[in-house]
Every structure is written in C-alpha cells, then in structure tokens.
Amino acid sequence: MNHKTNQKRHIDTIIISVLLTIIIASGLWVLYCISLALTDHYKEQYTFTFTEDDDTFLTTLLHGTAFGKEFTVTEDEFNTFINKKYCKPEQEGKTGIDHIRFYFHENAPTEVYAHAYTWGKSFAIHAKVGFNMNSDSNKLTITLYDARVGELSVSNHILSWLIPQIFSGNEYISVDNNSLTVTAKYSYDIKNTSITMRLNEFIPLEGEIQCRTNSLTGEALHALGDYLSSDEGKQKLKDIYNNAKDKIRSWLEN
C-alpha cells in the first residue's frame with residue numbers, strides 16, 4: 001500500500017514539475033517575445049526630416065494635372081505629405097503613429113518603417129508594401145506583409161489584428177485586415193463650385209512614384225461653365241459687357 005502511495009506521489013510530482021516547467025517556459029517565451037517587439041533598431045529608417053514644404057506634394061500633383069499626363073513624385077515629397085497628414089504626436093491613452101517613412105523600389109517591394117503607439121507602449125514596425133490604385137473609386141489601398149514589430153516577426157493574421165488597433169481612430173484611413181485604404185482625391189473650392197483632382201495611377205519606381213491624375217483642364221472648363229451659368233456669373237458677364245460697351249461708345253464719340 002505504501003509502495004503504491006509513494007508511486008502515485010512520485011507520478012504527481014513529475015506531472016506538477018512538467019506543468020510548472022511548461023508554465024515557466026511559456027512565461028519566459030512571452031517575455032522574450034515582448035522584449036523583441038519593444039526593441040527599436042529602426043529609428044534612423046522611420047525618422048523623417050521635413051525638407052519640403054507642406055503642400056509640395058499637392059503642388060506637384062496640381063502641376064501634373066494640366067493635361068492629365070504621367071509625372072513623378074519624389075520619395076521626400078510623398079513622405080512629407082503623409083507625415084503631416086496622417087501622423088500625430090504620441091498621446092497617453094491614445095493609439096496611432098507619430099512617424100512613418102516609405103522607401104520605393106522599382107524592382108523590389110516597397111518598404112515602410114513606422115513608429116506606433118498603443119496600450120501605453122510605443123514600438124517600431126517594418127513591413128513590405130503592396131499598392132492597389134482603383135481609378136474608378138479613387139481609392140488607394142496599401143497592403144502590409146512580411147512584417148516585424150521591433151525584432152519580432154509577426155504573421156499576417158496577427159498583423160490583421162494589430163493594424164486596426166493602431167488606426168481605428170484615424171478619420172482619413174479605413175482598415176480591412178492588414179490593408180489600409182485612403183481616398184486619393186482633393187477638392188479646391190472656387191466661388192460657388194469646386195475643382196476635384198483625382199489620382200488615377202500610382203506606380204512605385206526607384207526613389208519616386210509615377211502618378212497620373214484626371215485632367216484639370218476639363219475640370220476647370222466645367223467649373224467655369226457652372227460659374228458663368230450661375231446668377232453671380234451672369235451678372236459678371238453683364239458687367240463686363242456693359243463696361244466694354246461704354247468703352248467702345250467713348251472711343252467712337254472721341
């Protein structure tokens with residue numbers, strides 16, 4: 001009887017020892033993963049010095065829309081624009097990104113480095129990027145893959161959970177799994193009408209992006225027609241006509 005009791009105690013001790021070993025090992029593995037995730041070796045990659053004016057990106061797009069032909073936007077112009085539009089300083093209790101930088105390549109995937117904050121922690125992210133430009137809806141979708149949080153590799157499944165946590169409060173971005181979508185069009189108000197610039201093409205090259213928008217020549221003519229058909233426009237035409245008529249009459253009388 002004592003032999004069986006001792007044998008049972010021995011087995012129980014082994015089981016408990018194995019369970020404790022598994023728990024301790026799991027705990028150490030979790031701590032190791034957290035340590036890797038919070039390691040930041042990417043500061044030089046995601047830190048961006050604003051060497052361009054705030055509106056340089058939009059100005060370049062406007063210049064390229066004269067006839068709707070292809071043109072290029074530099075890496076610096078694009079990174080300046082998205083940092084000023086989409087990044088916010090780290091705030092306690094908030095989630096978001098405070099630094100982001102894209103590196104464009106012609107014969108290799110685009111890379112992105114970012115510094116994000118959530119749950120009271122901040123961490124660096126590196127991922128490869130795929131772009132999809134829908135010219136019908138003017139939506140630009142950015143899909144992230146092969147991601148690392150700090151030095152920890154994360155699967156697309158984890159990434160599809162993490163990204164909504166970071167960007168859930170951003171009014172400019174909609175999130176679907178590991179993809180971010182932004183509306184790539186900008187409107188400029190002119191009197192009682194507006195001109196809308198729509199991005200129709202977005203192709204990464206080495207250190208720059210090949211873009212094409214709608215032709216603002218057509219947009220401007222349409223806006224001018226709307227303005228001239230309005231009450232204000234009709235009055236303006238009438239004033240121009242009367243002024244011209246008075247000038248011609250004065251010339252004839254002289």
Side-chain angles (χ1 to χ4, degrees), residues 40-66 68-88 96-116 123-150 153-154 156 159-160 162-163 166-167 170 172-186 197-214:
D40 184 358
H41 292 157
Y42 302 140
K43 188 173 183 179
E44 291 185 2
Q45 280 77 22
Y46 63 67
T47 301
F48 185 74
T49 303
F50 299 117
T51 58
E52 306 287 348
D53 293 333
D54 185 16
D55 60 354
T56 303
F57 174 71
L58 293 180
T59 301
T60 300
L61 261 62
L62 277 171
H63 287 166
T65 55
K69 293 183 178 180
E70 292 178 347
F71 58 95
T72 58
V73 172
T74 68
E75 208 171 68
D76 280 353
E77 287 176 304
F78 182 78
N79 282 317
T80 300
F81 173 75
I82 61 172
N83 270 270
K84 289 184 175 291
K85 185 173 181 66
Y86 299 111
C87 294
K88 297 179 180 179
I97 54 174
D98 54 3
H99 295 285
I100 188 169
R101 189 171 186 179
F102 286 84
Y103 294 85
F104 297 104
H105 307 292
E106 185 169 6
N107 298 313
T110 297
E111 299 174 275
V112 62
Y113 292 86
H115 188 253
F123 47 91
I125 298 174
H126 169 240
K128 293 178 181 177
V129 183
F131 294 98
N132 180 46
M133 183 73 238
N134 188 325
S135 58
D136 293 328
S137 62
N138 305 120
K139 300 285 188 180
L140 177 63
T141 299
I142 303 169
T143 301
L144 307 182
Y145 62 99
D146 289 354
R148 301 178 73 89
V149 177
S153 295
V154 297
N156 287 346
L159 194 62
S160 66
L162 178 63
I163 289 178
I166 299 173
F167 293 98
N170 196 304
Y172 302 107
I173 300 174
S174 60
V175 181
D176 182 20
N177 293 321
N178 58 325
S179 295
L180 312 171
T181 299
V182 297
T183 300
K185 64 180 180 181
Y186 311 94
M197 178 178 61
R198 301 176 180 86
L199 187 61
N200 296 327
E201 186 176 286
F202 188 99
I203 301 174
L205 301 175
E206 193 63 38
E208 60 186 13
I209 317 151
Q210 178 179 296
C211 298
R212 184 169 58 187
T213 69
N214 58 312

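On a predicted model such as this, the values are computed, not experimentally measured, just so you know. Note that these values count all heavy atoms, side chains included, but never hydrogens, waters or copies made by symmetry.
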Audit row: Asn138, Asn200, side chain to side chain contact (heavy atoms under 4.5 Å, CB included) steps and yes/no: CA-CA 6 Å; Asn138 305 120; Asn200 296 327; 3.4 Å; yes
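- In this structure, Lys185 has no salt bridge (Lys or Arg N to Asp or Glu O under 4.0 Å) partners at least two apart in sequence or on a different chain.
- Checking Glu77 against Thr60 by side-chain atom types alone, a donor-acceptor pair falls below 3.5 Å.
- Scored by the side chain to side chain donor-acceptor pair (under 3.5 Å) test, Ser179 finds Thr143 as partners (sequence neighbours excluded).
- Ring geometry for Phe202 against Phe131 counts as tilted: the plane angle lies between 30° and 60°, on a 0 to 90° scale.
- Remark: Ala116 engages Ile97, Phe123, Ile125, Ile166 in a side chain to side chain contact (heavy atoms under 4.5 Å, CB included) (not counting sequence neighbours).
- Every residue two or more places apart in sequence or in another chain that forms a side chain to side chain donor-acceptor pair (under 3.5 Å) with Asp98 is listed here: His115.
- By the salt bridge (Lys or Arg N to Asp or Glu O under 4.0 Å) test, Arg148 pairs with Glu151, sequence neighbours left out.
- Residues that satisfy the ring-ring contact (aromatic ring centres under 6.0 Å, His included) test with Tyr103, not counting sequence neighbours, are Tyr113.
- There is no side-chain donor-acceptor pair under 3.5 Å between Thr110 and Lys128.
- For Ser135, there are no side chain to side chain donor-acceptor pair (under 3.5 Å) partners at least two apart in sequence or on another chain.
- Residues satisfying the salt bridge (Lys or Arg N to Asp or Glu O under 4.0 Å) test with Glu70, not counting sequence neighbours, are none.
- In this structure Glu111 satisfies the side chain to side chain donor-acceptor pair (under 3.5 Å) test together with His105, His126, sequence neighbours excluded.
- Take Asn177 and apply the side chain to side chain contact (heavy atoms under 4.5 Å, CB included) test, not counting sequence neighbours, and it matches Ser160.
- Between Ile100 and Tyr86, the closest side-chain pair of non-hydrogen atoms is not below 4.5 Å.
- Partners of Thr47 under the side chain to side chain contact (heavy atoms under 4.5 Å, CB included) rule, at least two apart in sequence or in another chain, are Lys43.
- For residues 199-213, the set of pairs meeting the salt bridge (Lys or Arg N to Asp or Glu O under 4.0 Å) definition, not counting sequence neighbours, comprises Glu201-Arg212.
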